[in-house]
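Residue numbers start from 1 in every chain, and the chains themselves are labelled A, B, ... in the order their sequence lines are given, proteins ahead of strands. Below, each value reflects all heavy atoms present in this structure, side chains not excepted, and no hydrogens, waters or symmetry copies.
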Amino acid sequence: MTNRFRTHSGGRIDRGAPVSFRFDGKTYSGFKGDTLASALIANGVHLVGRSFKYHRPRGFISAGSDEPNALVNVARDAARMSPNLRATQVELYEGLKASSQNRWPSLGFDAGAANDFVSPFLPAGFYYKTFMWPAGAWKRFYEPKIRAMAGLGVAPTLPDPDRYTQNYAYCDVLVVGAGPAGLAAALAAAAGGAKVWLVDEQAELGGSLLAERTATIEGKPAQQWLADTLATLAAMDNVTLLPRTTAFAYFPHNMIALAERVTEHLAAPGADLPRERLWQLRAREVVLATGALERPLVFPDNDRPGVLLADSARTYLNRYGAKPGDRAVIFTACDAGYRTALDLAAGGVAVVAVADLRREVHGELPARALAAGIDVRPATVVTGTTGRLRVSGARLAKIKGGPSVDPVGASETIACDTVLMSGGFTPSVHLFSQSRGKLAWDAASGAYLPGTSVERERSAGACRGITGLQRVLEDGYGQGEAAAKASRDAASPARGATPPPGPSAKTFPAQADDLGTDGFIGATPHARNPAFTKAFVDWQNDVTAKDITLATREGFRSIEHVKRYTTTGMATDQGKTSNMNTLGIVAEALGESVPKIGLTTFRPPFTPTTFGLFAGAARGDQFDPVRKTAIHDWAAEHGAAFEDVSLWKRAWYFPKALPDGRREDLHAAVGRECKAVRSSVGMFDASTLGKIEVVGPDAAEFMNRMYTNAWAKLEPGRLRYGVMLREDGFVMDDGVVGRMAPDRFHVTTTTGGAPRVLAHMEDYLQTEWPDLDVWLTSTTEQWAVIAVQGPKAREVLAPLIEGIDLAKEAFPHMSVREGTILGVPTRLFSVSFTGELGFEVNVPAQYGRAVWEAIFAAGERFGITPYGTETMHVLRAEKGYIIVGQETDGTQVPDDVNLGWAVGKAKKDFVGKRSLARAAMSAPDRKQLVGLRTTDPKLVLEEGAQIVADPKAPVPVPMLGFVTSSYYSAVLGHSIALAVVKGGRARIGTRLSVPMPDRVIEVEIVEPVFYDPKGDRLNG
Amino acid sequence: MLIIDCPWCGARPEIEFRYGGEAHIARPADPAAMSDQEWADFLYNRTNPKGLHAERWRHIHGCGRYFNAVRDTVSDFFVTTYKAGEPRPDIGESGK
Amino acid sequence: MAETASMAETAAIGAPRAAYPLDALALGARSIEAARLTALGPAARLAFRGREAAIQAAGEAFGVALPREANRRHTADGRHALWLGPDEWMLLAPGADPAPLFAAIEAATAGLPHALVDVSARSVTIEVAGPKAAYVLNQGNPLDLSIEAFPVGSATRTLFHKAEIVLSRIAPDIFHVDVWRSFAPYVWQMLEDGRRELA
């Protein structure tokens, strides 16, 4: 039955370009220009999915992005699998492979459909009511079962191999929607010279014009006018046309997120093209020309495959040459049903009856239908459909009284293979509402329309309730003109109410059917037993009219609560087809008017959006910048293992190859590296340390205020360890500071703290003390820093340095000198974070590696050993030196971590000083830094482990403190640990316990300096 | 993403900026003279209004300057921005 | 001390070679005419901060008047002065040795409230050139880079994806991106990613 439902001619498909594709393993053919939906319909396939909850057979409802049923999986390969795509938007390409979802074992026979027979036991709120007991069963039993049964598509398990890009862009006027209103708006705005973007989610620009058969505009057939208009726009330099582009989110200040599908429609996309492109478009003015969505009618069995929206059926016929069936029954509450009836009749589909909900039927379209011999039945409803996997008949019944409250008469079943419904049109106000514009209920048209704008935005055409092709075109043109003018008026973003549209400067004589604003909201009447009747409101989440009335009976009043309880409007279609009918049903059940019920909030995205689009290029290695020092590659070439420290990669340890071909583990490498530094010399890449040059006549005064230490008397050429507090008195950062000149300090910070410290300093400088003549410049990346540490450090460096006397007397510990190393200018620090004689060689970063290699070569005769951050940590812990962020967690004052000596008591003020004066900051039971020794010297405590006095104490056991650093010291031959313990200094010499899951470890509280407590080794 | 009008650079996208808390809270000239309660008020207590809020922003990925802004905490829209050190413009307490 | 031996070793090593973070990446760049990428050579970069009194003297010593208009670049004799903040300029001299420049400006501004810091090694400059240069930059930079909004002579600190950059428009189709050296490979690869679709 290949293309049996294809018309002989017409439509926008390219009949010269046949395309073969597969659906559920079966091969079909379609044409270029088809969607998967139109091609399947042309092949007579309507059964395309199973519903979410009841697993009922489902077919197409619409022809656009509002489609709730026809969700398919499209797979290019194992990794390129896209679930939940709307078949109505999937463009056909040669070899496309699609499959249906939520069925097992097959679409025609689905075991899950048993849910449908037990559906009286699956009412609204079923999940909330049923799975409450027993308490543990949700996780163990219910959730896994429900997950297996429910849900729609299946996510691919392989990483997404496609590329996604993101672009920022700016324009004067963005027009969303390229239907008649949008096209006219773009023409007007572009004529005014504005930079115009016209975007539309469909493959072709044109909107409703793409399905026009008989309408004319400016004397031309609508399709000819469309082609001419697009050619005009395309030829203009100031116009950007983007089909296949969904404006899916409206953000503040007119930033619109656009999802452009770049390669989705191509059979063989090039590797260099992104699959999708995210445009973050900032528009001075926005024209929303998003049209209107046809509303389904809520009648029993309205979900059987073959039941479609009437205007969508017309789109399939006119635009794609695909007939929805052979015999159609039309159920309508407006003139759209007649327009479809006339087009179907002209296209060779038998229209066996038009059931019109309206009591009286008059007007041009119904008259033409009658004249065409169509059986028009006013005051008639469809009360059910027959068939299993496809409609085979419709039950029609007369309404006795008013449309929604009165009983209906006896029904008559009419054989048909498609039922087309139209409840009128709902203006698409999603983006307007996302922009935080206020919606206003329009009683005349029974619709929410855009009211007061918040953004610089205006709506045009059907999305603001305007009907009739000519009026829509002229409104579009007027809004486009106004937008272009407004975009010139104000240079900077502003907000306020959008002025009403001005008169259009251009008229668009057009001949087309005017559908008016008739329509119906709610559930249509029927006389069937409600217990065995399902009239769907939300197809995708399987919500029926009965579920919604049940919710109101159970006491739900707010539409937001009804929505969440029944899940209506919460599926991936966000209630595009269901919101208004839900409101109508709730309003009727509560005896309130629709505007009294309110409306649920529209939120982004307008249609589902891929994760790839949001991720863009920020994935894998490029997720974050990976910062590497100038010496990084040398370390990598020498087998270093690396660890992440903020965005930096730092050499962690340098495992050596063992005789058996394996490499040292962390423990072995660190032990060797530590011993080398203590016994001879090691070298360490300290380039990541933050550096700030503090320069200006008031530099010393500024340092005095920012750090706890006193700086006035620090002589040029000397270093000092500085402690920085937050205003609340807690340690924020530390580092060695060199005074290069009376007005110049070389400040170092922790690696991770560098940006924070600079921002903290800038904050005080700019906002508290703008009178100080001092400026801050980050020099973190200016300098590569090579620490040379150990008793042989001086001997290694001396031959390489010029212009600096390295003798102990000339260059004492904690000094800085400027000179050259191998001809490269250097700031040489005599400083140690290891407790050994040590130097830090600062050189301009581009020489970092070369100088490192030279030092390595010069140190070879001493067995110079490169070491990493782990050894650095062990060596400093042996000396009891803290690491901010390890021994501190933002609640330590200097004295807590034995840095009371660094606080300039005589200074009148510094940041944090007042907080230190609070009594609590010097309470004797504060947690204080101590050392820990385990009874078993090999046992290394776990960092973070809690410390208690009596592990057998009743729960809750009082916690005295915790382990902050813990290592095995190869140099000392036993484990060491640092900890913060309540009143710790007074506990030195006592024993406490560290309870672990499998045992309790006894520890002795000791002084935190384990190695060379007198500091003799520092001076070499 | 909001557009923020930097008093130095003009209208720039939000991601170039960093929020800096409530504005016009000057560090006391003589902290030592303050009671613990007064000091705690300076450190921690903020107005957190519903409506217009004078607050600090820094154009950290631009000119680097701290400046002040009045923003409506209900709508999230900026009413005005001004340089650090300038007084809060007289535009009332609420945007209503 | 065995000084002789180690001096000999030093000589064997030779003069230290300067190495830059884009050395390897730049060699592998694809030829894409719509947006060409070039890693520019070394330059003297001096961060100048100061009060009103020092601004003119600094500009005269550098040879380029410091722009007083926000986010502008002045150029003279191949040297650039970029306004980065109301009291902050980047003085950029491609190919120049920073030391004598530093000394000259310090001499001219002695006694005037200012701060001069040599940051020549802190960053590298990437040139993005071609008809699609702005398009590629806009994949990670949120500014309006149309010629009307960001004309030739514009310069500003801003962002490119997650890295801070200084972006400067040299010609309608030529931009310079100054980026801290450890962020340079990230920026380069993001630029490569951005122009890949133009291949």
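When each of L273(A), D773(A), D698(A) is checked for heavy-atom pairs under 4.5 Å with chain C, D773(A) comes out on top. Contacts with chain C were tallied for G848(A), S687(A), A784(A), A271(A); A271(A) has the most, counting heavy-atom pairs under 4.5 Å. Annotation: maximal heavy-atom pairing with chain C below 4.5 Å, among P625(A), G616(A), A169(A), S778(A), occurs at P625(A). Looking only at heavy-atom pairs under 4.5 Å with chain A, the residue among Q139(C), R196(C), R45(C) that has the most is R196(C). The candidate with the highest count of non-hydrogen atom pairs below 4.5 Å against chain C, out of P697(A), P844(A), G696(A), A617(A), is A617(A). With chain C as the partner, the residue from E693(A), K195(A), H632(A), R277(A) showing the most heavy-atom pairs under 4.5 Å is R277(A).
Donor-acceptor pairing under 3.5 Å is lacking for the side chains of S120(C) and R122(C). A donor-acceptor pair shorter than 3.5 Å cannot be found between the side chains of R275(A) and T263(A).
Neither the backbone nor the side chain of R195(C) comes within contact range of chain A; no heavy atom of the residue lies under 4.5 Å from a heavy atom of that chain. There is no contact between D633(A) and chain C, counting heavy-atom distances below 4.5 Å. Heavy-atom distances place both the backbone and the side chain of A19(C) under 4.5 Å from chain A. Looking at L137(C), neither its backbone nor its side chain comes within 4.5 Å of chain A, counting heavy atoms on both sides. Interface remark: W648(A) contributes side-chain atoms only to the contact with chain C (heavy atom separation under 4.5 Å). If you measure heavy-atom distances from Y170(A) to chain C, the contacts under 4.5 Å come from the side chain alone. Neither the backbone nor the side chain of P21(C) comes within contact range of chain A; no heavy atoms are under 4.5 Å apart. For chain C, the nearby part of L776(A) is the backbone; its heavy atoms alone come within less than 4.5 Å. At a 4.5 Å heavy-atom cutoff, the contact between N141(C) and chain A is made by backbone atoms alone. Only the backbone of V626(A) comes within contact range of chain C, with at least one heavy atom under 4.5 Å from a heavy atom of that chain.
K628(A) forms no cation-pi arrangement with Y186(C), by the criterion of a distance under 6.0 Å to the ring centre and an angle within 45° of the ring axis. For the pair R79(C) and F62(C), the cation-pi criterion (under 6.0 Å, within 45° of the ring axis) is fulfilled.
Under the 3.5 Å distance criterion, the side-chain polar atoms of Q166(A) are matched with a main-chain donor or acceptor of F614(A). No donor-acceptor distance shorter than 3.5 angstrom exists from the side chain of E276(A) to the backbone of E260(A), with no hydrogens or angles considered. Checking side-chain atoms of H74(C) against main-chain N and O of V64(C) turns up no donor-acceptor pair under 3.5 Å.
For E762(A), there are no salt bridge (Lys or Arg N to Asp or Glu O under 4.0 Å) partners, not counting sequence neighbours.
A salt bridge does not link D193(C) with R619(A): every distance from a Lys NZ or Arg NE/NH1/NH2 to an Asp or Glu carboxylate oxygen is 4.0 Å or more.
Listed by first and then second residue, the side-chain hydrogen bond (donor to acceptor under 3.5 Å, both in side chains) pairs involving residues 96-107 of chain C are R744(A)-E106(C), E106(C)-H114(C) (not counting sequence neighbours).
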